[in-house]
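Computed from a predicted structure; not experimentally measured.
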Amino acid sequence: MHPEDADIRAVYAEYLAGWNAHSAARQAATLADDADVVGFDGTQHHGRLQFAADLRRIFADHAPPPYAGTVRSVRAMGEEAAVLVAIAGMPAADGTLHPDLLAVHTVVLVKDGRRWKIGVFAATPASGTSPPDAVAALRAEFGG
């Protein structure tokens with residue numbers, strides 16, 4: 001267990017909360033200034049400010065479904081870096097998991113002074129060409 005496990009998990013939870021609130025500013029606040037983010041669809045965003053601008057456009061066009069995430073692991077990569085791996089999905093209002101919106105989130109966090117920030121965020125879809133048994137295992141682990 002990482003010595004700052006709770007703080008690192010809280011950054012990831014806040015990132016998802018920003019998405020769920022459709023708040024580009026809230027979500028971007030979790031990022032380092034020079035962060036790189038690769039979205040579920042492969043869209044790349046470089047830097048906190050570009051990410052915020054891109055997300056404002058997304059949220060202005062439509063209301064995407066909310067994210068729910070289950071952290072699989074947090075591990076240290078030195079004193080000022082950590083990697084968090086989570087399974088994420090977009091459940092419907094009744095709690096059922098949308099089968100095409102399951103992903104693995106790989107997040108590299110860096111220490112920015114005394115606070116953790118997301119330096120790299122990658123959402124990898126777990127559907128389409130993924131082996132069906134692998135997707136089923138992820139769904140089961142996620143609780144869907």
*Answer with yes or no whether the hydrophobic clustering places Val110 together with Val120; edges join I, L, V, M, F, W, Y residues whose side-chain heavy atoms lie under 4.5 Å apart.*
no
*asked:* Rounded to the nearest 0.5 Å, what separates atom OG1 in Thr124 from atom CG in Leu102?
replied: 11.0 Å
*Residue pairs fulfilling salt bridge (Lys or Arg N to Asp or Glu O under 4.0 Å) with at least one residue in residues 2-24, sequence neighbours excluded*: Glu4-Lys111, Asp5-Arg9, Glu14-Arg26
List, one per line, each side-chain donor-acceptor pair under 3.5 Å for residues 47-59, sequence neighbours excluded.
unit_1: Arg48; atom_1: NE; unit_2: Asp33; atom_2: OD1; d: 3.0
unit_1: Arg48; atom_1: NH2; unit_2: Asp33; atom_2: OD1; d: 3.1
unit_1: Gln50; atom_1: OE1; unit_2: His46; atom_2: N; d: 2.9
unit_1: Gln50; atom_1: NE2; unit_2: Asp54; atom_2: OD2; d: 3.4
unit_1: Asp54; atom_1: OD1; unit_2: Arg57; atom_2: NH2; d: 2.3
unit_1: Asp54; atom_1: OD2; unit_2: His45; atom_2: ND1; d: 2.7

_Among Asp36, Val38, Val37, the one residue meeting side chain to side chain contact (heavy atoms under 4.5 Å, CB included) with Gln44_ = Val38
*asked:* Can you give me the closest heavy-atom contact between His22 and Ala63, atom names plus distance?
replied: CE1-CB, 3.5 Å
*Can you see which heavy atom on Ala88 is nearest to which on Tyr12, and at what distance?*
CB-OH, 3.9 Å
*For residues Tyr67 and Leu16, report the shortest heavy-atom separation together with the two atoms involved.*
CB-CD2, 3.8 Å
*Return each pair, listed once, that meets ring-ring contact (aromatic ring centres under 6.0 Å, His included) where at least one residue sits in residues 107-126; pairs must be two or more places apart or across chains.*
His2-Trp116, Tyr15-Phe121, His105-Phe121
_Restricting to non-hydrogen atoms, name the atom on Pro125 and the atom on Ala123 that form the minimum distance, rounded to 0.1 Å._
CD-O, 3.6 Å
*By side-chain hydrogen bond (donor to acceptor under 3.5 Å, both in side chains), which residues pair with Ser73, not counting sequence neighbours?*
none
*Any donor and acceptor pair, going by atom type alone, linking the side chain of Lys117 with main-chain N or O of Ala29 inside 3.5 Å?*
yes
*Atom CG of Asn20 and atom CE of Met90: how far apart are they, to the nearest 0.5 Å?*
8.0 Å
